[in-house]
Amino acid sequence: MSDLINLLPDAIANQIAAGEVVQRPASVVKEMMENSVDAGARNIQLIIKDAGKQLIQVTDDGTGMSETDARMSFERHATSKIRTVDDLFAIRTMGFRGEAMASIAAVAKVELKSRQHDKELGTKIIIEGSELITQEPCQCPAGTSISVKNLFYNVPARRNFLKSNPVETRHMIDEFTRLALAHPDIHFTMQHNGLELFHLNSANLRQRIVSIFGNAANGRIVPIEEETDIVKLYGFIGKPEFAKKTRGDQFLFINDRFVKNNYLNHAVFSNYNDLIPKGNYPFFVLFLEINPQKVDINVHPTKQEVKFEDERAIYNIVRASTKHALAKYSVTPTLDFEQEQSFNRIQGNPGLSSSDNFNPEKFAGKSGQGLNTAHQINAWKTQDSQRENNNLRNWEKLFDGVKTESHQEEQSMTLKSSWDDAGAQRMPHSESIERKQPYQLHGKYILSPIKSGCILIDQHLAHERILYEKLMQSFEQKKVATQKQLFPQTVTFSAQDSSLVLELLNDINALGFDIQEFGKNTFVVHGVPADIGTNEEQVVLEELIENYKQNLQELKLDKRESLARSLAHESAIKKGKLMEAEEMKQLVDELFACEQPYLAPNGKKTFITLDFQELEKRFES
């Protein structure tokens with residue numbers, strides 16, 4: 001029997017490797033920009049066309065390559081980053097495997113121009129599908145420029161499985177953002193189809209975060225910094241009130257390399273458990289500097305998975321540091337109304353804050369020399385007692401009106417019934433009408449009597465169902481009322497969300513908005529749906545986009561249904577809103593005029609019924 005095992009040709013081997021390294025256009029962006037960073041570039045430009053399918057070009061002013069190095073860069077396992085086995089345990093560069101350029105050249109048409117700073121001429125190389133077409137000297141700026149054209153031209157199945165242009169563009173923006181955050185000292189620019197998406201000058205980390213996520217991010221983050229023998233931790237974490245319903249704004253870097261690690265993410269999330277609603281995710285940009293010998297980054301070709309020598313210790317450090325940062329900047333709530341920052345005490349006197357007018361003689365003994373311990377303790381007790389009394393009065397202020405409201409509730413719910421000689425209850429006609437009026441419970445539920453008992457309606461979910469059906473009808477009929485703004489408002493999004501808004505702009509306007517692109521991730525709102533009056537266009541649109549992304553991730557809904565659900569959820573009457581009787585009546589009427597009044601768009605019940613038999617059983621012993 002003849003031998004069956006053959007050595008694969010380099011072209012086929014490179015295409016196999018490309019299946020792991022080059023998964024989509026964003027993979028090409030990541031690998032080429034990381035090479036620019038490793039080359040010591042101070043200016044990096046990214047140009048893409050047709051979501052990377054037509055062109056991905058990265059230009060830098062790094063060290064450049066010699067004629068031999070330029071050709072060798074396209075060979076498998078050819079790298080300048082490591083030379084011995086020991087180098088694998090002391091990696092500081094972004095790349096080191098020597099597979100990226102060979103894999104890219106296997107599935108695209110690549111043109112490279114590179115010149116070293118001390119040379120007059122550079123080198124030009126053209127490779128198509130791992131086949132060298134030409135190599136010749138050329139005039140070019142110092143540094144390197146690589147153009148990747150017609151990605152996956154020779155792998156049509158892979159090209160057909162790419163997502164829509166906006167989706168692929170967002171993935172490339174994600175890779176660009178991660179690298180830009182990791183290296184704020186480098187100047188980055190990004191263009192897509194001739195439009196500049198980012199222009200990031202070299203700056204510090206806070207300035208880089210603001211440049212990427214908008215000016216609003218500056219007031220939404222607090223710094224964190226901690227250094228131990230195991231790890232140095234620094235960066236920024238988001239305030240709880242700005243947590244989002246979708247993942248994606250969590251950036252964890254190990255030695256300036258972006259990684260995905262759910263275990264360390266949990267160390268941060270655990271400090272927000274009582275501060276943000278369940279299902280929301282806080283923003284953070286955290287950098288961990290660790291001895292390279294104590295972390296293994298050679299786990300996956302994408303190098304986004306790592307293994308730690310002592311993962312538990314790092315988890316505890318990240319968790320404790322995050323908790324300390326939240327407390328230090330008064331992000332976590334305190335119960336002391338008089339003293340907001342409990343950590344700001346005068347050392348040695350826990351009863352005094354730094355803002356008090358400290359008078360040593362106040363606690364001095366008769367001799368006036370030194371502090372009298374008994375008097376000091378009594379003074380502390382008096383001050384603590386006074387603070388407790390003040391806190392009690394402040395808490396009582398929070399409940400001002402609640403007793404009155406509760407008393408009114410008892411009176412309104414008390415049935416002034418009259419009894420005949422037989423003990424039968426008789427209800428006057430006027431009282432019978434009064435009982436049919438809907439009644440609001442705790443600003444959340446609407447209680448209304450029905451023939452068989454009573455019905456309890458969730459006002460938020462009910463209104464969400466009403467708005468959802470109206471929005472879906474507007475999509476079908478293409479008729480929706482728009483309330484024009486007297487003074488148009490401008491709203492600004494991050495680059496990632498801006499690309500999504502552009503993709504959805506026609507559908508958003510079909511909901512009743514009148515929004516136009518203004519450039520630089522900014523939009524002008526000329527009108528909003530008539531059923532949704534608001535003066536907070538920025539908040540509504542941000543929540544609309546967040547809910548839309550969440551629906552796509554969890555439910556895989558089509559575009560318009562997801563938008564309708566998102567806007568209905570954001571615009572529905574919130575729990576806690578007090579309603580007049582006529583408003584409650586209208587809500588109930590509109591709910592039962594819906595095609596599906598029983599369930600909210602998310603599948604939860606809009607109301608429950610309690611019949612007399614069930615109520616009577618509740619009173620049986």
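Values reported hereafter were calculated over all heavy atoms of this structure, with side chains retained and with hydrogens, waters and symmetry mates removed. Just so it is clear, the model here is predicted, and its values are computed rather than measured.
- Here salt bridge (Lys or Arg N to Asp or Glu O under 4.0 Å) pairs that include residues 488-502, with residues two or more places apart or in two chains, are Lys244-Asp497, Asp497-Lys549.
- Side chain of Arg115 to backbone of Gln139: no donor-acceptor contact under 3.5 angstrom is found.
- With hydrogens and angles ignored, the 3.5 Å screen pairs a side-chain donor or acceptor of Asp61 with a backbone N or O of Arg42.
- Residues Leu599 and Lys605 meet the side-chain proximity criterion, which asks for heavy atoms closer than 4.5 Å.
- Around CD of Gln596, the count of heavy atoms belonging to other residues, nucleotides or ligands within 6.0 Å exceeds 12.
- Looking at His463 and Gln459, their side chains never come closer than 4.5 Å, going by heavy atoms from C-beta outward.
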*Leu541/Ile515 under side chain to side chain contact (heavy atoms under 4.5 Å, CB included): CA gap, chis, key distance, verdict*: CA-CA 11 Å; Leu541 288 170; Ile515 302 176; 3.9 Å; yes

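- Taking every heavy atom of both residues into account, Arg208 and Ala180 meet most closely at NH1-O, 2.7 Å.
- No side-chain heavy atom of Lys30 sits under 4.5 Å from any side-chain heavy atom of Leu179.
- Using a 4.0 Å cut-off between a side-chain N of Lys or Arg and a carboxylate O of Asp or Glu, Asp458 and Lys575 qualify as a salt bridge.
- Side chains of Leu200 and Phe176 form a contact here, defined as non-hydrogen atoms less than 4.5 Å apart.
- Heavy atoms only, all atoms of each residue included: Met172 and Gly52 are closest at CE-N, 3.8 Å.
- No donor-acceptor pair under 3.5 Å is formed between the side chain of Arg247 and the backbone N or O of Tyr281.
- Two residues are said to be in side-chain contact when any heavy atoms from C-beta on lie closer than 4.5 Å; Ser211 and Asn201 fail this criterion.
- No more than 12 heavy atoms of other residues, nucleotides or ligands sit less than 6.0 Å from atom CG of Asn215.
- For the residue pair Asp50 / Asn165, a side-chain donor-acceptor distance below 3.5 Å is found, with atom types taken as modelled.
- Other residues, nucleotides and ligands contribute more than 12 heavy atoms inside 6.0 Å of the OH atom of Tyr263.
- Using modelled atom types and a 3.5 Å distance limit, the side chains of His171 and Glu175 yield no donor-acceptor pair.
- A centroid separation of less than 6.0 Å is found between the aromatic rings of Phe607 and Phe592.
- Between Asn154 and Ala106, the shortest heavy-atom distance links the atoms ND2-O, 3.0 Å.
- Shown here for Ala564 and Leu471, the closest heavy-atom pair between the two residues is O-CD1, 3.5 Å.
- Residues Ser36 and Thr144 have side chains not in contact (no heavy-atom distance under 4.5 Å, counting atoms from C-beta outward).
- When the shell of 6.0 Å around CG of Asp274 is examined, it contains 12 or fewer heavy atoms from other residues, nucleotides or ligands.
- Two residues are said to be in side-chain contact when any heavy atoms from C-beta on lie closer than 4.5 Å; Phe198 and Leu46 fail this criterion.
- Screening Lys163, Lys53, Arg24 for a side-chain hydrogen bond (donor to acceptor under 3.5 Å, both in side chains) involving Glu168 leaves a single residue, Arg24.
- Judged purely by atom type and a 3.5 angstrom limit, His192 uses its side chain to pair as donor or acceptor with the backbone of Ala51.
- When all heavy atoms are compared, the tightest approach of Ala325 to Ile237 is CB-CD1, 3.9 Å.
- Here the straight-line distance linking atom CD1 of Ile125 with atom NZ of Lys113 works out to 12.5 Å at 0.5 Å rounding.
- Of the possible donor and acceptor atoms, one in the side chain of Gln440 sits under 3.5 Å from a partner among the backbone N and O of Met579.
- Distance check, rounded to the nearest 0.5 Å: CD1 of Ile254 to CG of Leu286 gives 9.5 Å.
- A side-chain donor-acceptor contact under 3.5 Å links Thr606 to the backbone of Tyr598.
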*Assess whether side chain to side chain contact (heavy atoms under 4.5 Å, CB included) is satisfied between Asn280 and Tyr272, documenting all intermediate values.*
CA-CA 9 Å; Asn280 284 23; Tyr272 287 85; over 6 Å; no

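- Checked by atom type and distance alone, the side chain of Ser270 pairs as donor or acceptor with a backbone atom of Ala267 at under 3.5 Å.
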*Run the numbers on Phe213 and Leu181 for side chain to side chain contact (heavy atoms under 4.5 Å, CB included), then give the verdict.*
CA-CA 11 Å; Phe213 297 100; Leu181 286 173; 4.3 Å; yes

_Worked verdict on Lys470 versus Ile466 for side chain to side chain contact (heavy atoms under 4.5 Å, CB included)_ = CA-CA 6 Å; Lys470 286 184 178 180; Ile466 295 167; 3.9 Å; yes

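- Side-chain atoms of Lys239 come within 3.5 Å of backbone atoms of Gly219 as a donor-acceptor pair (strictly under, hydrogens ignored).
- At a cut-off of 3.5 Å, with distance as the only test, no side-chain donor of Arg565 or Asn602 sits close to an acceptor on the other residue.
- Considering CE of Met32 and CG of Leu112, their distance stands at 10.0 Å, rounded to 0.5 Å.
- Side-chain atoms of Phe253 and Phe258, non-hydrogen and from C-beta on, do get closer than 4.5 Å to each other.
- Judged by distance alone, the side chain of Arg158 and the main-chain N or O of Val107 form no donor-acceptor pair under 3.5 Å.
- Checking side-chain atoms of Gln516 against main-chain N and O of Asp514 turns up no donor-acceptor pair under 3.5 Å.
- Atom NZ of Lys574 is surrounded by more than 12 heavy atoms from other residues, nucleotides or ligands within 6.0 Å.
- More than 12 heavy-atom neighbours from other residues, nucleotides or ligands sit within 6.0 angstrom of OH on Tyr153.
- Arg170 and Glu503 are joined by a salt bridge, as a carboxylate oxygen and a charged side-chain nitrogen come within less than 4.0 angstrom of each other.
- Smallest separation of non-hydrogen atoms from Ala581 and Pro438: O-CG, 4.0 Å.
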